[in-house]
Enquirer: 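Sharing a structure here in structure tokens format.
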Amino acid sequence: MIELLRTNDIVLISRIEALLDEHEIDFFVADQYMSAMEGSLGFLPRRILIDKDDLSRARLAMHAVGLLDELKNG
């Protein structure tokens with residue numbers, strides 16, 4: 001799996017999860033439980049990981065809704 005996105009923005013994470021679900025792209029949100037370890041301060045970013053083969057589809061889906069600029073490598 002490769003990192004698609006890294007952010008502290010839980011609203012953005014939720015939006016990307018919904019978008020990937022909509023396009024039937026499997027993903028994993030890494031570090032989502034670290035907030036409990038850090039005291040829920042939100043300073044540790046969460047990462048969305050996807051299969052490398054799905055990267056093009058994920059980028060296209062994000063572009064279609066105006067979220068392409070949020071990607072790790074633009």
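Here the structure is a predicted model, which is why all the values come from computation and not from measurement.
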Enquirer: Under 4.5 Å between side-chain heavy atoms, counting indirect links through other Ile/Leu/Val/Met/Phe/Trp/Tyr residues: same cluster for Leu55 and Ile48 or not?
Expert: yes
Enquirer: Examine Leu5 and Ile2 and state if one hydrophobic cluster contains both, with Ile, Leu, Val, Met, Phe, Trp and Tyr joined whenever side-chain heavy atoms are less than 4.5 Å apart.
Expert: yes
Enquirer: Please check if the number of heavy atoms outside His23 that lie under 6.0 Å from its NE2 is greater than 12.
Expert: yes
Enquirer: Looking at residues at least two apart in the chain, or sitting in another chain, which of them share a side chain to side chain contact (heavy atoms under 4.5 Å, CB included) with Ala30?
Expert: Phe28, Arg47, Leu49
Enquirer: How long is the span from the CZ atom in Arg59 to the CG atom in Leu67, to the nearest 0.5 Å?
Expert: 12.5 Å
Enquirer: Side-chain heavy atoms under 4.5 angstrom apart, residues restricted to Ile, Leu, Val, Met, Phe, Trp, Tyr: same cluster for Ile50 and Leu68?
Expert: yes
Enquirer: Would you indicate whether the side-chain heavy atoms of Asn8 and Pro45 approach each other to under 4.5 Å?
Expert: yes
Enquirer: Show me the donor-acceptor pairs within less than 3.5 Å that the side chains of residues 9-22 make with the rest of the protein, sequence neighbours left out.
Expert:
residue : atom : partner : partner atom : Å
Asp9    : OD1  : Val11   : N            : 3.0
Asp9    : OD1  : Leu12   : N            : 3.0

Enquirer: Closest heavy-atom contact between Glu70 and Met62?
Expert: CB-CE, 4.4 Å
